Asker: 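Got a structure for you, questions after.
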Amino acid sequence: MSAVFDHTVHARLIAEPHTTRDLSASLRYDDGDPLAVRIVFPADASLDGGEVAWAFARDLLDAGLHGPAGEGDVHVWPRDGSRTVIELLSEEGVAVVEFDSADLRCFLLRSYDVVAAGQEHGESDVETGLAALLRGV
């Protein structure tokens, strides 16, 4: 049976220096894709009026709570100990969104309750790999 959960959080979209907009976002975890987390922004937060979802590595979110992390389209870094910034890059532009770090930690802990860190590939994959390795001996 698959486990999927959403965790609603308050966020602050930083549009320009000194210009921000508060919004709600949903953090989503699905054990069917255990390496990833998703941030889902409501339709009223997007330029085209549609819901926007970003998927990226759960490890990236975890690392970004402790120090700058990320390459490519998603970067995460802590700000002032209580806030965490997630920068999302696309062809259309850049979105910089600030979250309460405690909300992100709570979400991650809940995701680790569903699938522990290092167990994303499941025990059956480990057992299958070990059996194949032992057959080769």
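The shown structure was predicted, so the numbers you read here are calculated from the model rather than taken from an experiment.
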Asker: Tell me the closest heavy-atom pair linking Ala3 and Val114, and the distance in Å.
Answerer: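 For Ala3 versus Val114, the nearest heavy atoms are CB-CG1, 3.8 Å.
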
Asker: Tell me, which pairs form a salt bridge (charged side-chain N to carboxylate O under 4.0 Å, His left out) where one or both residues lie in residues 101-110, sequence neighbours left out?
Answerer: none

Asker: For the NE2 atom on His66, are there more than 12 heavy atoms of other groups (residues, nucleotides or ligands in this structure) within a distance under 6.0 Å?
Answerer: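 Count over threshold, so yes.
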
Asker: Donor-acceptor pair, Arg58 side chain versus Ser111 backbone, under 3.5 Å?
Answerer: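 At least one qualifying donor-acceptor pair exists.
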
Asker: Listing request: all ring pair (Phe, Tyr, Trp, His ring centres under 6.0 Å) pairs with a residue in residues 94-120, at least two apart in sequence or in separate chains.
Answerer: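 Listed by first then second residue: Phe5-Phe107.
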
Asker: What pairs meet the side-chain hydrogen bond (donor to acceptor under 3.5 Å, both in side chains) rule with one or both residues in residues 32-44, with sequence neighbours excluded?
Answerer: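 Those involving residues 32-44 are Asp33-Arg38.
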
Asker: Between Thr84 and Gly64, what is the shortest heavy-atom contact and its length?
Answerer: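 For Thr84 versus Gly64, the nearest heavy atoms are CG2-O, 4.1 Å.
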
Asker: Going by the rule side chain to side chain donor-acceptor pair (under 3.5 Å), which residues pair with Asp30 if we only count those two or more places apart in sequence or in a different chain?
Answerer: Ser2

Asker: For the pair Gln119 (side chain) and Ala117 (backbone), establish whether a donor and an acceptor sit closer than 3.5 Å, ignoring hydrogens and angles.
Answerer: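 Such a contact is absent between Gln119 side chain and Ala117 backbone.
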
Asker: Does Asp100 have any salt bridge (Lys or Arg N to Asp or Glu O under 4.0 Å) partners at least two apart in sequence or in another chain, and if so, which?
Answerer: none

Asker: What I'd like to find out is whether the side chain of Phe41 reaches to under 4.5 Å of the side chain of Ser24, using heavy atoms alone.
Answerer: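 Of all side-chain heavy-atom pairs linking Ser24 with Phe41, none is under 4.5 Å.
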
Asker: Return a table of donor-acceptor pairs under 3.5 angstrom between the side chains of residues 72-81 and protein atoms on other chains or two or more places apart.
Answerer:
residue: His75; atom: ND1; partner: Glu87; partner atom: OE1; Å: 3.1
residue: Arg79; atom: NH1; partner: Glu98; partner atom: OE2; Å: 2.8
residue: Asp80; atom: OD1; partner: Ser82; partner atom: N; Å: 3.1
residue: Asp80; atom: OD1; partner: Ser82; partner atom: OG; Å: 2.9
residue: Asp80; atom: OD1; partner: Arg83; partner atom: N; Å: 3.4

Asker: Do Leu104 and Leu65 come close enough that some side-chain heavy atom pair is under 4.5 Å?
Answerer: yes

Asker: With a 4.5 Å cut-off on side-chain heavy atoms, are Val94 and Leu88 touching?
Answerer: no

Asker: Do side-chain atoms of Asp6 reach the backbone of Ser26 as a donor and acceptor pair under 3.5 angstrom?
Answerer: no

Asker: What's the spacing between Leu27 CG and Ile86 CD1 if we round to 0.5 Å?
Answerer: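 Here the interatomic distance stands at 7.5 Å.
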
Asker: Check Val37, Val4, Ile39 against Arg28 for a side chain to side chain contact (heavy atoms under 4.5 Å, CB included) and give me the one that passes.
Answerer: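 Going through the options one by one, the only one that passes is Val4.
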
Asker: Given the rule that I, L, V, M, F, W and Y join up when any side-chain heavy atoms are under 4.5 Å apart, are Val97 and Val40 in one cluster?
Answerer: no

Asker: Decide yes or no for Tyr29 and His7: does some side-chain heavy atom of the first lie under 4.5 Å from some side-chain heavy atom of the second?
Answerer: no

Asker: Begin from the C-alpha positions of Leu108 and Leu61 and carry the test side-chain contact (heavy atoms from CB on, under 4.5 Å) through to its verdict.
Answerer: CA-CA 8 Å; Leu108 279 173; Leu61 181 58; 4.0 Å; yes

